[in-house]
Each structure stands twice: as C-alpha cells, then as structure tokens.
Amino acid sequence: MVKIAPSILSADFVNLERDIKKVSSADYLHVDVMDGCFVPNLTIGIPVVKSIRQCTDMFLDVHLMIDKPVRYIEDFAKAGADLLSVHLEADHPTQIAQALKVMGECGVKKAVALRPITSANAILPYIEELDMVLVMTVEPGFGGQSFMESQLETIRQVRAIIEKYHPTCELEVDGGIAPKTAPLVVEAGANVLVAGSAVYGKEDIPAAIAALRV
Ligand code: DX5
Ligand code: ZN
C-alpha cells in the first residue's frame, strides 16, 4: 500500500491548522525545514513543529534540509517529530551516524535523504538501522518544481539495496509528485509519496490525495 505525505510547504501558513486538518485522509504529514544554507530558502523550525504537534495526531515526517543537523535532532524530537530525515550531504559521515544515534536515543524514527546528485550506494553504511530512505526527485529548496525523471534509476537502486539489507525500510520520494508521476515512482519502488502542490494546489484536497494512491 502506497502512503501519501502532503507537504505543508504548499499550505496557507495563516491557516495552518485548518490546512493540516484538510489532509487528515493522508498517511503522514511532511514538514520541510530549511536553513538558508543547505538550501537557498528559509522555512520553518522547532517552534512551528511544536505547534503543529499540538493540533494534530498525524505522523510528523520532518525533512531537515539543514547543515550539520546533529545539532538539532534532540530539539526536533522534543518538539514532537515522529521521524527525522537528515541529508547525507549535510555533514561528514561520522556526524550523520551520530545524528542517527541521537534519533534512536530520542525514540524518533530514522531516515536519510539524498539530493539528486548523490548515488544510491551512499545509504549502505546506514541501511540496517534506517526506517526510511528519502530520494529527492527535484533539487531540494522549493515546492512546485518539475519531477526529474533521471531519479527513477536511483529509486530502483535504493529499492534493490532495501530489499537486500532491510526490507521493512520505507522508500519515500519528494518533489514533483503528481497523478502523472506517481505511477512511475511506485513502479520504480517508492512506497511513500510526498506531494505539496499536487495536494494543496487543488480545490478538492481529499480527491487530490486519492488521485495519488496508485
Ligand atoms: C522541496 C521539498 C518538498 C516540496 C515538494 O525541497 O522537500 O517537500 O514541498 O513540493 P512539490 O510536491 O510541489 O514538488
Ligand atoms: Zn520535503
């Protein structure tokens, strides 16, 4: 069964609680944290995650697009994240391992994320302890970009690594997911689909979520 994770990056921040309630038929709530360094954009941080936690019971899938994320793992866990994704490009491998260790100590689920330039093999040192791998299908930083078809091969390779070393690990894709691209990523091996504009850009949000379930 494919899971849908609407990204609140495309929600109306004035009416965030209302917009979170609108996606209650989805599986996860995807929260994009950007620091203006790892990516050329700034979004939301720890206080907002804490406020979101107070208005929903949904599973909070928090995507950290920040440099040296190990500094903030404990804070995001305390704020109420259920899962944290750290980018493999955001620090030295020893520090990525440390970030995953802290996630374990804090009781949050562990994920690593890959920019389009990063090869699938980069997950090998961590795969056995991961709950999810996030493959970006756009350059991280902004919603509403076009899906990169070249990432289908990375999704296939990550799926093969997961099947070999840790079959219960989830494979999430993020960027340009819409009713046209969803079947392609699912066929390549993804089982969690993030969607921002394809959900919040539509009038009928429950129908938009249903349209992504392939
Ligand atoms: C982009 C973010 C995405 C973004 C996706 O860096 O990680 O989660 O919200 O937006 P869409 O679905 O519009 O491409
Ligand atoms: Zn994201």
Side-chain angles (χ1 to χ4, degrees), residues 2-13 16 19-20 22-23 26-45 48-49 52 58-67 69 72 76 81-90 108-118 130-152 154-155 158 170-186 190-203 205 207-214:
V2 168
K3 295 177 181 172
I4 308 299
S7 166
I8 56 159
L9 192 57
S10 297
D12 174 0
F13 285 166
L16 193 52
D19 273 11
I20 288 170
K22 281 186 184 172
V23 298
D27 304 279
Y28 297 165
L29 191 69
H30 186 82
V31 180
D32 287 304
V33 175
M34 305 189 192
D35 67 352
C37 293
F38 182 74
V39 288
N41 196 6
L42 282 161
T43 54
I44 59 178
V48 178
V49 171
I52 292 170
M58 284 182 83
F59 182 94
L60 296 186
D61 156 23
V62 178
H63 179 191
L64 299 178
M65 285 163 275
I66 64 177
D67 275 334
Y72 299 108
F76 278 104
D82 292 298
L83 174 143
L84 292 168
S85 301
V86 291
H87 267 271
L88 291 178
E89 310 83 8
V108 293
K109 296 206 168 186
K110 308 174 190 181
V112 296
L114 283 73
R115 299 184 93 117
I117 190 145
T118 304
L130 295 176
D131 296 291
M132 189 162 90
V133 176
L134 166 52
V135 176
M136 292 305 299
T137 40
V138 296
E139 277 301 334
F142 300 91
Q145 302 182 77
S146 302
F147 177 76
M148 294 169 67
E149 212 152 309
S150 55
Q151 282 302 86
L152 289 171
T154 303
I155 298 167
V158 168
E170 300 202 286
L171 202 176
E172 181 177 61
V173 291
D174 182 7
I177 303 301
K180 272 195 180 154
T181 51
L184 305 177
V185 294
V186 170
N191 78 300
V192 183
L193 312 188
V194 175
S197 41
V199 168
Y200 282 112
K202 301 284 188 256
E203 271 304 308
I205 288 182
I209 292 169
L212 296 169
R213 293 192 189 280
V214 284

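Counting starts at 1 for both ligands and their atoms, following the listed order. Values reported hereafter were calculated over all heavy atoms of this structure, with side chains retained and with hydrogens, waters and symmetry mates removed. A quick note: this is a predicted structure, and the numbers were derived from the prediction, not measured. Each residue takes its place number in the sequence, starting with 1.
To the nearest 0.5 Å, atom CE of residue M132 and atom CG of residue L83 are 4.5 Å apart.
When each of V138, T137, L184, I4 is checked for a side chain to side chain contact (heavy atoms under 4.5 Å, CB included) with I177, only T137 meets the rule.
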### Message
With side chain to side chain contact (heavy atoms under 4.5 Å, CB included) as the criterion, how do D174 and D32 come out once you've worked through the C-alpha distance, each side chain's angles and the decisive distance to 0.1 Å?
### Response
CA-CA 11 Å; D174 182 7; D32 287 304; 4.1 Å; yes
### Task
Kindly determine whether D61 and H63 satisfy side chain to side chain donor-acceptor pair (under 3.5 Å), including the steps that lead there.
CA-CA 6 Å; D61 156 23; H63 179 191; over 6 Å; no
Report each N/O pair between ligand 1 and the protein that falls under 3.5 Å, naming both atoms.
| unit_1 | atom_1 | unit_2 | atom_2 | d |
| --- | --- | --- | --- | --- |
| ligand 1 | 6 (O) | G141 | N | 2.7 |
| ligand 1 | 7 (O) | D32 | OD1 | 3.0 |
| ligand 1 | 7 (O) | H63 | ND1 | 3.3 |
| ligand 1 | 7 (O) | D174 | OD2 | 2.8 |
| ligand 1 | 8 (O) | H30 | NE2 | 3.4 |
| ligand 1 | 8 (O) | D32 | OD1 | 3.1 |
| ligand 1 | 8 (O) | D32 | OD2 | 2.8 |
| ligand 1 | 8 (O) | D174 | OD1 | 2.7 |
| ligand 1 | 8 (O) | D174 | OD2 | 3.0 |
| ligand 1 | 9 (O) | S7 | OG | 2.8 |
| ligand 1 | 9 (O) | D32 | OD2 | 3.1 |
| ligand 1 | 12 (O) | G196 | N | 2.8 |
| ligand 1 | 13 (O) | G144 | N | 2.8 |
| ligand 1 | 13 (O) | S197 | N | 3.0 |
| ligand 1 | 13 (O) | S197 | OG | 2.5 |
| ligand 1 | 14 (O) | G176 | N | 2.8 |

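Listed by chain and residue number, the protein N/O/S atoms under 2.8 Å of the Zn ion (ligand 2) are H30 NE2, D32 OD1, H63 ND1, D174 OD2, with waters left out.
The environment of CZ in F38 is crowded: more than 12 heavy-atom neighbours from other residues, nucleotides or ligands sit within 6.0 Å. Residue E149 places its CD atom among 12 or fewer non-hydrogen atoms of other residues, nucleotides or ligands, all under 6.0 Å distant.
When atom types are taken as modelled, the side chain of N191 and the backbone of E170 share no donor-acceptor pair closer than 3.5 angstrom.
Nearest approach of Q151 to R115, heavy atoms of both residues: NE2-O, 4.4 Å. Shown here for I209 and A26, the closest heavy-atom pair between the two residues is CD1-CB, 4.0 Å.
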